[in-house]
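These notes concern the structure reproduced below.
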Number of protein chains: 2
Amino acid sequence: MAPTNKKDQKVSLHTVERLSAYRRKLEELGLDEVEYIHSHELAALVGVTPAQLRRDLASFGSYGNISRGYDVRRMSRTISQIIGTDRIQNVALVGVGDLGRALLSYRGFEERGFHITAVFDVDPDKVGRVFAGRRCYGLDKLETVLSDLQIRILILTARPEGLQDVVDRGIRAGVRSFLNFVPKSLSVPEDCFVENIDISAKLEKLSFLSRKKAQMEVNA
Amino acid sequence: MAPTNKKDQKVSLHTVERLSAYRRKLEELGLDEVEYIHSHELAALVGVTPAQLRRDLASFGSYGNISRGYDVRRMSRTISQIIGTDRIQNVALVGVGDLGRALLSYRGFEERGFHITAVFDVDPDKVGRVFAGRRCYGLDKLETVLSDLQIRILILTARPEGLQDVVDRGIRAGVRSFLNFVPKSLSVPEDCFVENIDISAKLEKLSFLSRKKAQMEVNA
DNA sequence: GTCTGTGAAGCTCTTCACAGCG
DNA sequence: CGCTGTGAAGAGCTTCACAGAC
């Protein structure tokens, strides 16, 4: 293993998640002709502490001007480069159920530099049909289409059954990471990534928080 | 402030998120007539380390049997009680766009003890229409309906414009927590909670991770 | 004075590793 | 033996607080 270049590995995962929020806000500000912004202002807008914002930005060596603050457009561009959304990325989606269809018609992705190019489903009734402008392929075409389109990111909104198999085949076809909406734990090799979104679990977390607070009031 | 009861506050937020996964798996196991399970087995099934699982379970004083392991059904019931899903909870949803409609027809919520009872939208064309069996109310009915149905959790899938206002009005009508799909930071009082799900940000995180890996290969 | 960038402290979560039980 | 529960160590993230620039 090569000794990690110090400039690289410093960006932590929590930082990356916040970078998205920073960039979104910076884009808005850029459209409003704002040229420079101070850490405490941007921090307030996205809901973090000024110290954390400065730390996050410093982690990739972004130098702000001391008297004027940070250059809005330059910072926005830099973050795009870091997260890799400075050019459009093609992604694919497996499972054209309710959630899958919703994501297909979600405009937010395009705005942020992602384009859902290919769509797959097991259901023979869905194969061949067109959803939000994309023709749906059968799972048998998975490897071919993913390789041809050089898809690196796969969105999973299918049934849990056989999902790991889809993942394994995707990886063999060049996919590097998965956005998984299915409440099922997936295993991937070390150089691939899974990001889970479990909507029910989030609701359960809220349920716990509300309940805990109610208990505390009783205790008090 | 009353001195926090030691038994209470010990459960950390990260633990709560994992509890959902544990409970789901325990339910499956219960259906398969599994009576007891060891930490390393369950840990492997949900994808955490055995030590972490034991720590999580110990945080609310769940005592497993040393030779047989953990009682599957009892543990499942206990977790339900902790997160408050031992009885059905009514939730409401604001914003019947694509994502909102998808969530309305998503069966997963009911399975986990949540029922979307009321639906709201600003669009006059949508008000009065029925979506997945729920009649859509106008935002002017927000306070009345939320209070009447005693809604404590609100799902936000609307436009960013005016969202903070919906939040404020919801809180006055008794809402305690929000599941927010809108990429906009919201502010709530200390005794209320917001859980954000930013799908684009997750994609950006994956984009970063894939890209970073590619860079490292170049460096190596 | 105000602001950035950053050591250092503080805090939280995770992992280790082992006592104690069966 | 193997397993649980848990102190203790470790790793990672956040906040403090201040030097230095303006």
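Chain identifiers are assigned alphabetically (A, B, ...) following the order of the sequence lines, protein sequences preceding nucleic acid strands; residue numbering begins at 1 within each chain.
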Point to revise | Nucleotide dG7(D), atom P - distance to CZ of R55(B) in whole Å | key: 8 Å

Point to revise | dT15(C) phosphate, OP1 or OP2, under 4.0 Å from T49(B) side-chain N/O | key: yes

Practice item. With the side chain of H14(B) defined as its heavy atoms from C-beta on, choose the nearest nucleotide among dG22(C), dC13(C), dT15(C). Key: dC13(C)

Practice item. Quickly work out the M75(A) CE to dT4(C) C1' distance and round it to whole Å. Key: 11 Å

Review point. Can you tell me how far C1' of dC3(C) sits from NE2 of H40(A), to the nearest Å?
Key: 8 Å

Revision key, fill the gap. Scanning both residues in full, the closest heavy-atom pair of G100(A) with T157(A) reads CA-OG1, 3.5 Å

Check your understanding: Rounded to whole angstrom units, what separation is found between the OH atom of Y70(B) and the P atom of dC3(D)?
Key -> 12 Å

**Study point:** Distance test, side-chain N/O of H38(B) to OP1/OP2 of dG2(D), below 4.0 Å
**Key:** no

Check your understanding: In whole Å, what is the span from the CG atom of L53(B) to the C1' atom of dC13(C)?
Key -> 15 Å

Review point. Which word best sums up how the rings of H40(B) and H38(B) line up, parallel for under 30°, tilted for 30 to 60°, or perpendicular for over 60°?
Key: parallel

Exercise for review: Could you state the atom-to-atom distance from CD of Q52(A) to P of dA17(D) in whole Å?
Suggested key: 17 Å

Point to revise | Nucleotide nearest I66(B) when distance is taken to its side chain, options dG2(D), dT14(D), dT15(C) | key: dG2(D)

**Study point:** Short side-chain N/O contact from S39(B) to OP1 or OP2 of dT4(D), under 4.0 Å
**Key:** yes

Check your understanding: If you measure only the distance, is there a donor-acceptor pair under 3.5 Å linking the side chains of D56(B) and Q52(B)?
Key -> no

Review point. Considering only dC13(C), dC16(D), dT4(D), which nucleotide approaches the side chain of S12(B) most closely?
Key: dC13(C)

Check your understanding: Roughly, in whole Å, what's the span from CG in L57(B) to C1' in dT6(D)?
Key -> 14 Å

Review point. Taking the side chain of R54(B) as its heavy atoms from C-beta onward, which of dG5(D), dT15(C), dG5(C) lies nearest to it?
Key: dG5(D)

**Study point:** Test item: side-chain donor near acceptor, R23(B) and S80(B), under 3.5 Å
**Key:** yes

Practice item. Provide, to the nearest angstrom, the distance between the OH atom belonging to Y36(B) and the P atom belonging to dG22(C). Key: 14 Å

Check your understanding: Could you go step by step and tell me if Y70(B) and E41(B) meet the side chain to side chain contact (heavy atoms under 4.5 Å, CB included) rule?
Key -> CA-CA 11 Å; Y70(B) 297 90; E41(B) 296 165 329; over 6 Å; no

